[in-house]
Amino acid sequence: MAESNARYYADKKAIGGPSSYGGGDFITAPEVSQMFGELIGLWLADVWIRSGRTEPVHYVELGPGKGTLARDAQRAMARYGLEPRIHLVETSRRMRDAQLASVPGAIHHHDLSSIPTEGPILLVANEFLDALPVRQVVRTDEGWREVMVGLGEDDRFVEVPGRQPMDSAVPEARRDDPPGTVIETSPASAAIMFEVAGRLIDQRGAALFIDYGYRHGRSGSTVQAVSGHQSVGVFEAPGDVDISAHVDFAQMEQVVRSREARVLGTVTQGEWLRALGIRERAEALAQHSPQHREALMRARDRLIDADQMGELFKVMGLVAPHWPEGAGFPNYQAERPMTG
Ligand code: SAH
């Protein structure tokens with residue numbers, strides 16, 4: 001999965017265009033509407049202001065795609081006097097070029113290790129964790145084995161159980177699950193969460209992870225592949241199609257709690273965007289450009305409706321110890337509405 005995605009993001013035009021939803025293999029929330037990045041920018045500005053406006057301050061985005069979210073967030077943050085340095089963590093050269101066109105002056109990083117350690121970080125990752133590789137174990141008649149990729153007939157990739165017993169890697173409560181049960185984990189995602197939580201403790205700040213996934217433990221494989229907006233077989237064309245997996249937010253929260261960073265909660269994207277005022281924002285934009293009203297309302301619905309991106313996508317919020325609650329999460333109580 002890691003190898004396939006590295007090649008895929010290096011060579012392919014993955015993400016579809018903003019105005020029509022066509023082109024590319026998939027479309028992401030920032031490409032659906034500018035409202036998405038703007039509301040994220042406002043959320044960050046709000047916590048930063050209420051935490052005391054510490055400078056220097058760093059905007060950090062993981063896997064920024066075309067740089068659209070960063071650009072929209074930057075514009076919204078600037079309206080509230082927040083002008084952070086922009087750091088983009090991106091491995092694909094092709095994506096880096098697109099990002100610099102959207103956010104001139106952004107600083108690129110291969111991973112989190114080179115991000116400055118002085119001043120709070122305001123970190124955003126949209127559809128990033130789902131691209132990181134997962135591991136799976138399966139209960140066979142001989143016990144638990146890792147799910148490996150081998151060669152089948154015609155030299156095609158197939159899933160095969162590994163030879164090494166993996167029983168000790170399975171939590172005791174799950175060891176007697178019926179044969180055929182698959183347990184999926186993402187050590188790469190857990191490592192990122194661990195590192196981000198550590199950064200929040202050491203240098204303060206806040207983080208938003210947005211992705212499709214589930215809030216409560218679930219078993220079974222969630223690995224999927226898409227090409228040209230259609231679902232395809234995972235082994236059909238490695239390197240040419242996007243391979244992703246659902247994010248296990250309960251597990252991500254557990255990793256963060258194992259350090260002293262604070263989890264604000266994981267809510268659905270629909271709830272979160274509504275709480276942040278997406279309906280009011282869409283209405284204001286429509287009043288300003290009546291000729292775009294229909295498209296704006298369609299984009300809003302696409303982001304928040306339960307049968308579109310509203311339920312499947314979740315937003316997980318994290319903050320440094322002693323930082324304020326964030327808008328749209330369970331413990332937040334608005335002191336007074338933001339204006340402007
Ligand atoms: N956040 C963007 C793009 C999502 S696609 C959006 O919402 O539109 C995933 C992004 O993560 C791409 O930019 C891809 O190149 C990048 N990416 C994938 N694996 C990565 C890794 N291991 N390290 C850094 N970036 C990665």
Side-chain angles (χ1 to χ4, degrees), residues 1-19 21 23-41 59-74 86-103 106-115 122-134 186-193 195-196 207-213 223-227 229 238-247 269 273 299 302-303 309 312-316:
M1 188 172 169
E3 204 52 50
S4 170
N5 277 343
R7 184 140 331 183
Y8 173 71
Y9 283 108
D11 296 340
K12 286 271 289 186
K13 191 164 182 289
I15 307 165
S19 47
Y21 293 150
D25 291 320
F26 57 91
I27 177 96
T28 56
E31 306 300 332
V32 169
S33 169
Q34 70 184 73
M35 294 184 283
F36 187 75
E38 286 171 350
L39 291 171
I40 287 176
Y59 173 90
V60 180
E61 192 176 333
L62 309 181
K66 295 179 175 179
T68 310
L69 195 168
R71 185 191 62 203
D72 294 336
Q74 188 181 31
I86 308 285
H87 301 273
L88 305 178
V89 177
E90 175 62 69
T91 41
S92 154
R93 205 152 276 287
R94 181 189 179 114
M95 289 290 185
R96 283 186 175 197
D97 291 342
Q99 289 155 15
L100 282 178
S102 298
V103 198
I107 305 159
H108 273 119
H109 301 262
H110 196 80
D111 53 38
L112 278 170
S113 63
S114 51
I115 303 286
L122 303 173
L123 183 141
V124 181
N126 185 59
E127 290 208 42
F128 171 72
L129 296 176
D130 68 68
L132 302 182
V134 293
S186 178
S189 300
I192 296 268
M193 297 312 299
E195 206 173 340
V196 169
L208 291 170
F209 285 88
I210 305 148
D211 228 306
Y212 43 93
V223 177
Q224 59 180 47
V226 299
S227 178
H229 303 266
D240 284 334
V241 302
D242 175 63
I243 305 184
S244 67
H246 283 45
V247 174
Q269 177 171 299
L273 290 174
R302 180 147 184 178
L303 293 175
M309 298 174 88
L312 177 61
F313 281 76
K314 312 291 187 298
V315 183
M316 178 173 71

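Counting convention: from 1, in listed order, for ligands and their atoms alike.
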For the student: nearest non-hydrogen atoms of [X] and [Y], plus distance:
| X | Y | result |
| --- | --- | --- |
| Met95 | Ala14 | CE-CB, 4.2 Å |
| Leu129 | Ser189 | O-OG, 3.7 Å |
| Gly67 | Val103 | O-CG2, 3.7 Å |

*Side chains of Phe36 and Thr68: closer than 4.5 Å at any heavy-atom pair?*
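Of all side-chain heavy-atom pairs linking Thr68 with Phe36, none is under 4.5 Å.
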Item to check | Pairwise side-chain contact, Ile210 with Lys314, heavy-atom cut-off 4.5 Å (strictly under) | outcome: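 A side-chain contact is absent here, since even the closest heavy-atom pair is not under 4.5 Å.
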Positive for side-chain hydrogen bond (donor to acceptor under 3.5 Å, both in side chains) with Glu90, one of Arg96, Gln99, His108: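 For Glu90, the side-chain hydrogen bond (donor to acceptor under 3.5 Å, both in side chains) test succeeds with only one of Arg96, Gln99, His108, which is Gln99.
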Could you pull out every N or O of ligand 1 that sits under 3.5 Å from a protein N or O, with the distance for each pair?
{"residue": "ligand 1", "atom": "1 (N)", "partner": "Gly63", "partner atom": "O", "Å": "2.7"}
{"residue": "ligand 1", "atom": "1 (N)", "partner": "Asn126", "partner atom": "O", "Å": "2.7"}
{"residue": "ligand 1", "atom": "7 (O)", "partner": "Thr28", "partner atom": "OG1", "Å": "3.4"}
{"residue": "ligand 1", "atom": "7 (O)", "partner": "Asn126", "partner atom": "ND2", "Å": "2.7"}
{"residue": "ligand 1", "atom": "8 (O)", "partner": "Thr28", "partner atom": "OG1", "Å": "2.6"}
{"residue": "ligand 1", "atom": "13 (O)", "partner": "Gly65", "partner atom": "N", "Å": "3.1"}
{"residue": "ligand 1", "atom": "13 (O)", "partner": "Glu90", "partner atom": "OE1", "Å": "2.7"}
{"residue": "ligand 1", "atom": "15 (O)", "partner": "Glu90", "partner atom": "OE1", "Å": "3.4"}
{"residue": "ligand 1", "atom": "15 (O)", "partner": "Glu90", "partner atom": "OE2", "Å": "2.6"}

